[in-house]
Amino acid sequence: GDRKGSGLVFFGDIVRHKSGKGYLSTLLRESPATVAEEVSCSLVQTCSIAVGKYAFYVWALRLTALSTLLWFVSVMDARLT
């Protein structure tokens with residue numbers, strides 16, 4: 001993606017620190033504006049991913065409902081014939 005930051009708040013960047021103290025030390029070396037920019041970039045990217053996944057989820061639910069309806073109709077049809 002279009003990631004412009006120094007890598008302060010993304011999951012992969014955080015786990016590279018060996019401890020919470022090490023991560024905190026890194027954060028405290030940055031200006032509040034840099035941390036705010038990193039957080040805002042992370043939130044936008046995370047929300048974009050969530051919206052995309054939600055769209056797939058909605059389609060999956062629709063297809064599940066359709067397949068259940070078709071299954072029910074076929075079972076009922078088999079019983080009536």
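The shown structure was predicted, so the numbers you read here are calculated from the model rather than taken from an experiment.
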message: Nearest 0.5 Å, please: how far is CZ in F10 from CD in E38?
response: 7.0 Å
Residues that [X] engages under side chain to side chain contact (heavy atoms under 4.5 Å, CB included), provided they are two or more places apart:
| X | value |
| --- | --- |
| I14 | Y23 |
| S31 | A33, T34 |
| T26 | L8, H17, R29 |

Please tabulate, for side-chain N and O atoms in residues 49-66, each donor-acceptor pair with protein atoms closer than 3.5 Å (sequence neighbours left out).
unit_1, atom_1, unit_2, atom_2, d
T64, OG1, A60, O, 2.8

- prompt: Are V44 and V39 connected in a single hydrophobic cluster, I mean Ile/Leu/Val/Met/Phe/Trp/Tyr linked by side-chain heavy atoms less than 4.5 Å apart?
  reply: no
query: How does the hydrophobic cluster around L28 look, that is, which other residues are in it when side-chain heavy atoms under 4.5 Å mark a link?
result: L24
Compile the donor-acceptor pairs under 3.5 Å between side chains in residues 70-78 and protein atoms, sequence neighbours left out, one pair per line.
unit_1, atom_1, unit_2, atom_2, d
S74, OG, L70, O, 3.4
S74, OG, W71, O, 2.8

